[in-house]
Amino acid sequence: MKENFLLRGIEVSQGVAIGKAFLLKRSKVEVSKYSQIPPEEIPGEVERFKAAIEETRRNLVAVREKIQQKGFQEASHIMDAQLMIIEDRALVDRTIQHIEEDQIDATGALKNTLQDIHKAFEDIGDEYLRERKSDIDFLGERIMRNLLGKEQEFIGRIQDKVILVANDLSPVDTANLDVTKVLGFVTDRGGKTSHTAIMARALEIPAVVGLESITQEVNTGDMVIVDGIIGVVIVNPTPETLREYADKKLRYEDLEKELFKYKQLPAETKDGFRIKVYANIELVEELPSVLEHGAEGIGLYRTEFLYLNRKNLPTEEEHFAIYKSVVEKISPYPVTIRTIDLGGDKFISQIELAEEMNPAMGLRAIRFCLKEVDIFKTQLRAILRASAFGKVRLMFPMISGFQEIVQIKSILQEVKEDLVKKNQSFDSELEIGIMIEIPSAVTIADLLAREVDFFSIGTNDLIQYSLAIDRVNEHVSYLYEPLHPAVLRLISNVINAAHNAGIRVSMCGEMAGESMYVPILVGLGLDELSMNALSILKVKKMIRSVSYRESREFIKEIYKMYTASEIESYLRQETLNHLTG
Ligand code: PEP
Ligand code: MG
């Protein structure tokens, strides 16, 4: 075996792990060609299929229980989704239809149905949902094994601490895994939101996924290094590489420990300029991590998840129960709840949206809400009611013009009046804000600022719309430059307009969580930054090491530059030389 054999993948959980590989071999049941069956065998075949489905359902319920006992909330949601799929007409009825209409056996019919579902998933824009494709594969494999009377495969007993190498991991694997024995995860398949990635982050175990062929390159017992910082795996390292990585591992762990010092300290520059550091969340399960990393509140609570993976619309009570629990858990800190931003790259399953040529510019977010006013009102009522239990801020996405705010305010007023009539309490001082993520909103930021209590800059979309780059299109991702002089000028215009009107301005796009950009974000004058919880301590550390005055001077210098790369090299050079320290 070659020494120092290096493979590159996607880093999904930070850290360095060094240890012996444990290769999880999984054999797939082979279904050769389906066979035609005579009409009299059809009812029996349908029964056989139904029995396999029932057995799989029982297996899944048992696994979900095991996962819940282990406290893996998100994995248990994946099991819920699998249980939903197994009861879904798309899977069961379609397979029965194949058996009856094509007159083929149950295994062949199931294989056909799984292929159809697979194809449908490939066209989904949303990365999270697309990656659920592998969950369907695992589910299909389970049903197939039950159908053929084959045993389900389990991860064998792991004796020592190992690096787990697999094609992919399923929630079932996780349920059967003694995670205290796992030093790192490496897989052929998967992306940032695959099950392995989610688990690895929850367990804080280094992981690299999407390596494509790692299971072919590694045998159980081989020495493996997992670099979850840059997404590299090294098989059979030389003693020198091993030493190098043992050092890197120590340095990383020291840095992590050191970062926790910043948890209790305010995010304040050396010359006393205070910035609020908030977290972005999607799920209630993220709250412990948010608090553990010292967030001062939630700057962006994305609420789309409530509408995904289900057949009916969430009720007001469902919305309310979840918002109330988030508000109470974060109290006395504020929670900025953003009304739904469905459409575009955020797929919705139960509402029939028209097929759009350009979904990112289509009927998404606030446009959708102003059309489907009842759906909008349900969410507004729930948010207002939750505001009686703590500090809530209400935020609207994708505002492109003044008229939208007028419409929103009138709907909000109706909802408030109705709540008053029904004697339901809410915070009458509730602040409202808007996301600034469309260039037209930047241009008229002075007009919009008069109408709201705060702005939050959504750089993910603002960059997409201002530079004309589809944010999910990998072919143009090289053009996606947060430091583009145009982007920096847009941000600066928004901040000036907000401050002239006396309102606060936050940033909640990915750019806000990039610690390297802190001198720019501070220099431009943002009041608040909201980011994923794992970035908070690094950003705080950086804020505490720069000066506001010097950062403002720095902005004047970069305003003279023409390209993002010029700005980036200057930023790196100045950060090393004198901006920090
Ligand atoms: C943004 O666009 O920057 C943003 C924070 O919203 P989302 O990523 O949910 O579109
Ligand atoms: Mg956005």
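In what follows, every heavy atom counts, from backbone to side chain, and hydrogens, waters and symmetry copies are set aside. Numbering of ligands and ligand atoms starts at 1, following listing order. What you see is a predicted model, and the numbers here were worked out from it, not measured in a lab.
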| request: Provide the atom name of the closest N, O or S atom of D461 relative to the Mg ion (ligand 2). | output: OD2
| message | List the residues meeting salt bridge (Lys or Arg N to Asp or Glu O under 4.0 Å) with K391, not counting sequence neighbours, and say none if there are none. | response | none
I'd like a table of donor-acceptor pairs (distance under 3.5 Å, sequence neighbours excluded) in which one partner is a side-chain atom from residues 486-503, with atom names and distances.
| unit_1 | atom_1 | unit_2 | atom_2 | d |
| --- | --- | --- | --- | --- |
| R489 | NH2 | Y559 | O | 3.1 |
| S492 | OG | Y559 | OH | 3.3 |
| N496 | ND2 | S492 | O | 3.4 |
| H499 | NE2 | D527 | OD1 | 3.4 |
| H499 | NE2 | D527 | OD2 | 2.8 |
| N500 | ND2 | N496 | O | 3.3 |

| said: Can you tell whether the side chains of E553 and R549 come within less than 4.0 Å, N to carboxylate O? | reply: no
| said: Applying a heavy-atom cut-off of 4.0 Å, say which part of M435 lies close to ligand 1: side chain, backbone, both or neither. | reply: side chain
| Basic-acidic side-chain contact under 4.0 Å: E317, R385 | yes
| Mind checking whether H319 and Y323 have parallel, tilted or perpendicular rings, split at 30° and 60°? | tilted
| Going by the atom numbers of ligand 1, which of them fall below 4.0 Å from some non-hydrogen atom of D341? | 10 (O)
| Would you say D341 has an N, O or S atom lying under 2.8 Å from the Mg ion (ligand 2)? | no
| query | Between N280 and S530, is a side-chain hydrogen bond (donor to acceptor under 3.5 Å, both in side chains) present by the stated rule, with each step listed? | reply | CA-CA 6 Å; N280 292 352; S530 192; 2.6 Å; yes
| said: Does ligand 1 come near enough to R338 that some N or O of the ligand is less than 3.5 Å from an N or O of the residue? | reply: yes
| message | Within the 4.0 Å heavy-atom shell around R302, which atoms of ligand 1 are there? | response | 4 (C), 5 (C), 6 (O), 7 (P), 8 (O), 9 (O)
| C508 neighbourhood, listing ligand 1 atoms whose heavy-atom distance to it stays under 4.0 Å | 5 (C)
| query | Which of the listed options, N460, I436, I463, holds the heavy atom that is closest to atom 3 (O) of ligand 1? | reply | N460
| task | For the residue pair H293 and F260, categorise the inter-ring angle as parallel (less than 30°), tilted (30 to 60°) or perpendicular (more than 60°). | result | tilted
| said: Is there a side-chain hydrogen bond (donor to acceptor under 3.5 Å, both in side chains) between S569 and Q573? Walk through the geometry before answering. | reply: CA-CA 6 Å; S569 13; Q573 176 202 322; over 6 Å; no
| For ligand 1, which atoms, with element, lie under 4.0 Å from some heavy atom of E437? | 1 (C), 2 (O)
| task | For ligand 1, note which part of L300 has a heavy atom under 4.0 Å away: side chain, backbone, both or neither. | result | side chain
| message | What is the name of the N/O/S atom of E437 that is nearest to the Mg ion (ligand 2)? | response | OE1
